[in-house]
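Being a predicted model, the structure only gives us computed values, none of them experimental.
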Amino acid sequence: MKSGETRLYQAPRGTSDILPQEQYYWRYVETKAANTCQLYGYERIDFPAFEDAGLFTRSIGAETDIVDKEMYTFEDRGGNKITLIPEGTASICRAYVEHGLHNLPQPVKLYYFASVFRYERPQAGRYRQHHQFGYEAIGDDDPALDAEVINMAWQLFQSLGIPRLSLILNSIGCKICRPGYLAVLKNYYANYVNELCSDCKTRLGRNPLRLLDCKNLSCQQIADVAPKSADYLCQECAEHFSQLKRYLGLLELPFVVNHRLVRGLDYYTRTVFEVQPEAEGSQSTIGGGGRYDNLIEELGGKPTPAIGFATGIERIILNLKSQQVLVPPLPKPEVFIAHLGNDARDEAIKLSFKLRQAGIGVIESTGSKSLKAQLRQANTLGVNHAVIIGDQEVKSGTVILRDMTNARQEAIPLARLEERLKQ
RNA sequence: GUGAGUGUCGCCCAGCGGUUCAAGGCGCCAGGUUGUGGCCCUGGAGAACGAGGGUUCGAAUCCCUCCACUCACCCCA
């Protein structure tokens, strides 16, 4: 902590630096995710970190908390209303419409990694900037596609090696059958208004579906025996849901239907699902998604059904740690080059470059530290080999190759070093 | 936005009104070998104790305000 005149800057609230020592978790997750996508035929898309603010009020829903109080919205110098993206689906749909991706064979399958921004009070597993991996399959309403998307999510977590997860499923109907269900639901809740928590009282008017997933204990008891959306589906939605469950059965996925799963974004229709870790802290969701059959049309495209999934990488990593999953380290340079004296340093500079050109990772000692200090550094860096060049070696055209794992070393001709390191 | 807890060297943390109040561990640097690591030993650098104000003869230790962090609610990844 330096005081004085200089102000000490900190990363803004709810953001964080990902230091080198943490990176292996990130690379691990990204690699597994990208591999899974490749396996299922999903292609990567990248989109801007900010969008026109209207895109989100239009898609996520004006009555949702994200839009209501969590968006980073500002006016840029040109007077445009800009929002730092709070999620990825809206952007993908925008891109789908904007670039006419309906001309591709349907469904179009896309995945992304993106930073998303939500103005919230940070806590465990919740940040103002976090990183999502997600994917979408656009242009088909076949329940087999739902099954694929759900299966893919489940397989991703399998490949990551996170144990004790559950897969929760529900169907919340479409614009034909949902209004009827909502009416029944409100009617049911009308009898319990006085027993609801204050949040639920306001939800009753604004977003009755959300009454179902309240964490308050007494509200839960009321929600437990509330009318179930799945019982009020129209013919098509009911058929869709039962087909989906059958396919998931074929895939032997251990899903559980929970009629209280509703999700917080307005665009969802029919299928909604979540992957949840064993209860631990307050973050009960590690990933989730669902179908959004009206969204593309809502954004100005042709009526186009779609389904997607998203997961928070920070939450995945939290779970990897709490479940003590073994994550492989990142590769690092093989060789450290130590030198003593000016001539030796010249030699070391040339040699480092030559080895790197041959594809051998090298960390070159800088400064003029003692050999002891240089080897100590080599040791903490964890390299397998140290190459030592002193004046004697320069004169004789050799180097000392030291095996750091067993402390054996030998002098070898400079010209033979590369070949020795490669074997 | 609401509630609770915390804030001492890069990290972990002792001290909880005064008499070494700034301790210890890790890490870092150096020495113990004149050109050699990991173990061990020795030494060193690094903190005016989140910021500002107050109480007091005296505060890191008490009070107030602010800030930050953490956890929880809301909501979600």
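Note: CG (A:Asn406) to P (B:G37) measures 15 Å, nearest angstrom. If you take CD1 of A:Ile66 and C1' of B:G1, they are 17 Å apart, rounded to a whole angstrom. In this structure, CG of A:Leu265 is placed 11 Å from C1' of B:A77, rounded to the nearest angstrom. In this structure, A:Leu381 atom CG and B:G38 atom P are separated by 14 Å, rounded to whole Å. Rounded to whole Å, atom C1' of B:U33 lies 16 Å from atom CD of A:Gln374. Rounded to whole angstrom, the span from the CG atom of A:Asp391 across to the P atom of B:U34 amounts to 16 Å. In this structure, the OH atom of A:Tyr112 is 9 Å from the P atom of B:A77, given to the nearest Å. Rounded to an integer number of Å, the gap from CD of A:Glu70 to C1' of B:U2 is 15 Å.
Heavy atoms of A:Phe133 sit nowhere under 4.0 angstrom from any nucleic acid atom. Among the heavy atoms of the strands lying under 4.0 Å from A:Gly125 is at least one base atom, whether or not backbone atoms are also near. Contact annotation for A:Ile316: no contact, since no heavy-atom pair falls under 4.0 Å across all strands. Using a 4.0 Å heavy-atom cutoff across all strands shown, A:Asn379 reaches at least one base atom of the nucleic acid. Within 4.0 Å of A:Glu87, counting heavy atoms only, lies no atom of the nucleic acid at all. Residue contacts for A:Arg402: at a heavy-atom cut-off of 4.0 Å it reaches a base atom on one of the strands shown. A:Ala124 comes within 4.0 angstrom of the backbone, heavy atoms only, and of no base. Residue contacts for A:Glu393: at a heavy-atom cut-off of 4.0 Å it reaches a base atom on one of the strands shown. Counting any heavy atom pair closer than 4.0 Å across all strands shown, A:Thr405 reaches a base atom.
The A:Glu120 side chain lies nearest to B:A77 when the options are B:U36, B:A77, B:C71. Taking the side chain of A:Arg121 as heavy atoms from C-beta on, and the options B:C73, B:G35, B:A77, the nearest nucleotide is B:C73. Closest to the side chain of A:Met404, out of B:G35, B:G37, B:U70, is B:G37. Here the nucleotide nearest the side chain of A:Leu375, chosen from B:A77, B:A68, B:G37, is B:G37. The side chain of A:Gln123 sits closest to B:C71 out of B:A77, B:G38, B:C71. Each of B:U70, B:G37, B:U36 was ranked by its minimum atom distance to the side chain of A:Ala407; first place goes to B:G37.
Taking atom C1' in both B:C41 and B:C49, one finds a spacing of 32 Å when rounded to whole Å. Rounded to whole Å, the separation between the P atoms of B:G1 and B:G46 comes to 41 Å. Separating the C1' atom of B:C64 from that of B:U56 is a span of 16 Å, rounded to the nearest Å. Rounded to whole Å, the separation between the C1' atoms of B:C57 and B:U42 comes to 43 Å. For B:U61 and B:U6, the P atoms lie 14 Å apart once the distance is rounded to whole Å. Rounded to whole Å, the separation between the P atoms of B:A51 and B:G10 comes to 13 Å. The separation of B:G52 from B:A59, taken at their C1' atoms, amounts to 15 Å, rounded to a whole angstrom. Separating the P atom of B:A30 from that of B:A72 is a span of 43 Å, rounded to the nearest Å.
When Watson-Crick and G-U wobble pairs are counted only if both distances are under 3.5 Å, B:U70 pairs with B:A4. Under the Watson-Crick and G-U wobble criteria, each requiring two contacts below 3.5 Å, nucleotide B:G38 is left unpaired. Across the strands present, B:U33 finds no partner; the criterion is a Watson-Crick or G-U wobble pair with both atom distances under 3.5 angstrom. Taking a pair to require two hydrogen-bonding distances under 3.5 Å in either a Watson-Crick or a G-U wobble arrangement, B:U55 remains unpaired. B:G10 is paired with B:C26 under the criterion used here, namely a Watson-Crick or G-U wobble arrangement in which both key atom distances are under 3.5 Å. If you check B:C16 for Watson-Crick or wobble pairing at under 3.5 angstrom, you find it has no partner at all. Across every strand in view, B:C49 sits unpaired, with no contact that passes the Watson-Crick or G-U test at under 3.5 angstrom.
Residues A:Arg356 and A:Glu364 form a side-chain contact, since some pair of their non-hydrogen atoms from C-beta on lies under 4.5 Å apart. A:Phe74 is listed as a side-chain neighbour of A:Leu84, based on a closest heavy-atom distance under 4.5 Å. A 4.5 Å side-chain heavy-atom check between A:Arg291 and A:Leu145 finds at least one atom pair inside the cut-off. Side-chain contact check for A:Leu401 versus A:Leu421: some heavy-atom pair is nearer than 4.5 Å.
Nearest-nucleotide assignment on RNA chain B puts the 5′-proximal partner with A:Arg408, out of A:Arg408 and A:His130. Where A:Lys69 and A:Ala310 each meet RNA chain B at their nearest nucleotide, the meeting point lying more 5' is that of A:Lys69.
Crowding of A:Leu326 atom CG: a count of heavy atoms from other residues, nucleotides or ligands under 6.0 Å not exceeding 12.
With A:Asn170 contributing its side chain and A:Leu261 its backbone, the two residues share a donor-acceptor pair below 3.5 Å. No donor-acceptor pair under 3.5 Å is formed between the side chain of A:Arg58 and the backbone N or O of A:Leu299.
Between A:Glu51 and A:Ser91, the side chains place a donor N or O and an acceptor N or O closer than 3.5 Å (distance only, hydrogens not considered).
The six-membered or imidazole ring of A:Tyr111 lies away from that of A:Tyr42, with a centre-to-centre distance of 6.0 Å or more.
One finds no side-chain N or O of A:Arg13 lying less than 4.0 angstrom from the OP1 or OP2 phosphate oxygen of B:C67.
Residues that satisfy the salt bridge (charged side-chain N to carboxylate O under 4.0 Å, His left out) test with A:Glu148, not counting sequence neighbours, are A:Lys109.
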Nucleotide N/O of nucleotides 25-31 of chain B paired with protein N/O under 3.5 Å:
residue : atom : partner  : partner atom : Å
B:A30   : OP2  : A:Arg376 : NH2          : 2.9

Please report the C-alpha distance between A:Gln155 and A:Thr36 in whole Å, then the side-chain angles of each, then the deciding distance to 0.1 Å, and finally whether the side-chain hydrogen bond (donor to acceptor under 3.5 Å, both in side chains) criterion is met. CA-CA 8 Å; A:Gln155 295 315 317; A:Thr36 305; over 6 Å; no
